[in-house]
Amino acid sequence: MNTLISRYKAVSETLSASAADMLPLLARFTFAAVLLLYFWASGATKLGDGLFGFLSPTTGAYAQIFPKAMEAVVYDVSQLGWFHWAVVVGGTVAEFALPLLITIGLLTRLSALAMIGFVVVQSLTDLFGHGGAQHPETLGAWFDRMPDSAILDQRTFWVFLLTTLVMLGGGWLSVDRWLTRSKV
């Protein structure tokens, strides 16, 4: 029995020693595998025409980010101000840049923290701007045995994954690690 306990302890210590580097790598891989293309596809719906299409977002971009304001102006973007334009452009750029930075592990902690803020704003917009709060299946509930609501269930996992990166950094095989390694 002592041999079994000793082996268990040795394996546990080995896993604990590698966790600070392995978990962030796995978190970045999971983020890329599950969410990278989700955010890029969402960002692509907001792009106007041409190389600088991100500077002239689509009407749909404004409707996604400011649904009530767009409804109030009968979907006439010209009636919205520079603030709305700046938020839509910033949000569009963030949907491309932040997932890329997280995936390659560059400025990982800062990018993950910004992505958490993005997800919070996205969730609040979905709940209150698009009316998701009135639909229990969209909002969901914790501790309800149903793990598939879009907001409370799925996005809690997203934030947990991103929190791992905020706390531990990019881990192995990250640009952060390459840039900060000791020069001996």
Side-chain angles (χ1 to χ4, degrees), residues 10-58 60-62 64-66 82-127 129 147-184:
V11 169
S12 295
E13 288 171 355
T14 301
L15 288 172
S16 292
S18 64
D21 286 323
M22 185 175 51
L23 286 177
L25 175 62
L26 293 174
R28 287 188 307 109
F29 174 81
T30 302
F31 180 88
V34 177
L35 294 173
L36 174 70
L37 295 180
Y38 164 83
F39 282 110
W40 282 3
S42 177
T45 68
K46 297 171 179 73
L47 296 174
D49 293 329
L51 181 61
F52 295 102
F54 68 96
L55 294 174
S56 57
T58 64
Y62 287 92
Q64 287 177 48
I65 296 173
F66 293 107
W82 68 269
F83 170 78
H84 295 92
W85 174 84
V87 169
V88 171
V89 168
T92 301
V93 170
E95 279 190 295
F96 289 104
L98 293 175
L100 176 64
L101 291 171
I102 289 167
T103 299
I104 66 173
L106 178 60
L107 303 172
T108 308
R109 293 175 197 265
L110 183 61
S111 300
L113 185 61
M115 198 77 229
I116 289 170
F118 188 96
V119 169
V120 168
V121 171
Q122 173 191 22
S123 299
L124 292 172
T125 301
D126 288 345
L127 289 174
D148 59 349
S149 72
I151 306 298
L152 287 180
D153 293 332
Q154 290 180 20
R155 295 191 186 162
T156 298
F157 277 113
W158 298 3
V159 170
F160 176 74
L161 183 74
L162 293 164
T163 301
T164 300
L165 296 172
V166 170
M167 302 298 288
L168 299 175
W172 291 329
L173 300 176
S174 68
V175 176
D176 289 340
R177 176 67 56 90
W178 180 75
L179 291 173
T180 60
R181 74 179 189 271
S182 297
K183 308 277 192 240
V184 179

From CA spacing to verdict: side-chain contact (heavy atoms from CB on, under 4.5 Å), W85, L55: CA-CA 8 Å; W85 174 84; L55 294 174; 4.1 Å; yes

Verdict with reasoning, L168 to R109, per side-chain contact (heavy atoms from CB on, under 4.5 Å): CA-CA 8 Å; L168 299 175; R109 293 175 197 265; 5.6 Å; no

Residue pair F39, L98: steps toward the side-chain contact (heavy atoms from CB on, under 4.5 Å) verdict: CA-CA 9 Å; F39 282 110; L98 293 175; over 6 Å; no

Working for side chain to side chain donor-acceptor pair (under 3.5 Å), residues S149 and Q154: CA-CA 6 Å; S149 72; Q154 290 180 20; over 6 Å; no

Criterion side-chain contact (heavy atoms from CB on, under 4.5 Å) on F54 and F96, from CA distance to verdict: CA-CA 11 Å; F54 68 96; F96 289 104; over 6 Å; no

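In this structure, CG on L107 lies 8.5 Å from CG on L179, to the nearest 0.5 angstrom. Annotation: the span from F29 atom CZ to L25 atom CG amounts to 9.0 Å, rounded to 0.5 Å. Here D49 contributes atom CG and S56 contributes atom OG; the two are 7.0 Å apart, rounded to the nearest 0.5 Å. Here OG of S111 is found 8.0 Å from CG of D176. Values are rounded to the nearest 0.5 Å. The line from CG of L35 to OG of S42 is 11.5 Å long, rounded to the nearest 0.5 Å. The line from CG of L161 to OG1 of T156 is 12.5 Å long, rounded to the nearest 0.5 Å.
Here the side chain of T103 pairs no donor or acceptor atom with the backbone of R28 at under 3.5 angstrom. T108 contributes a side-chain N or O that, together with a main-chain N or O of G105, makes up a donor-acceptor pair within less than 3.5 Å.
In this structure, the side chains of Q122 and T125 stay at 4.5 Å or more apart for every pair of heavy atoms. Contact of the P57 side chain with the L47 side chain is not registered, since no non-hydrogen atoms from C-beta on lie closer than 4.5 Å. Counting only heavy atoms from C-beta outward, the side chains of F66 and V88 approach each other to under 4.5 Å. Residues L101 and M115 have side chains not in contact (no heavy-atom distance under 4.5 Å, counting atoms from C-beta outward). Two residues are said to be in side-chain contact when any heavy atoms from C-beta on lie closer than 4.5 Å; P147 and F157 fail this criterion. Between E95 and F118, some side-chain heavy-atom pair lies under the 4.5 Å cut-off. Taking the side chain as every heavy atom from C-beta outward, P24 and M167 never approach each other to under 4.5 Å. At least one side-chain heavy atom of L162 sits under 4.5 Å from a side-chain heavy atom of I102.
Less than 6.0 angstrom separates the ring centroid of W158 from the ring centroid of Y38.
A salt bridge links D21 with R177: the distance from a Lys NZ or Arg NE/NH1/NH2 to an Asp or Glu carboxylate oxygen falls below 4.0 Å. Using a 4.0 Å cut-off between a side-chain N of Lys or Arg and a carboxylate O of Asp or Glu, R155 and D126 qualify as a salt bridge.
Enclosure of atom CE in M22 by more than 12 non-hydrogen atoms of other residues, nucleotides or ligands within 6.0 angstrom is indicated. Annotation: D148, atom CG; neighbour count of heavy atoms from other residues, nucleotides and ligands within 6.0 Å is above 12.
Summarising the geometry of V166 relative to L113, their closest heavy-atom pair is CG2-N, 3.5 Å, with the distance given to 0.1 Å.
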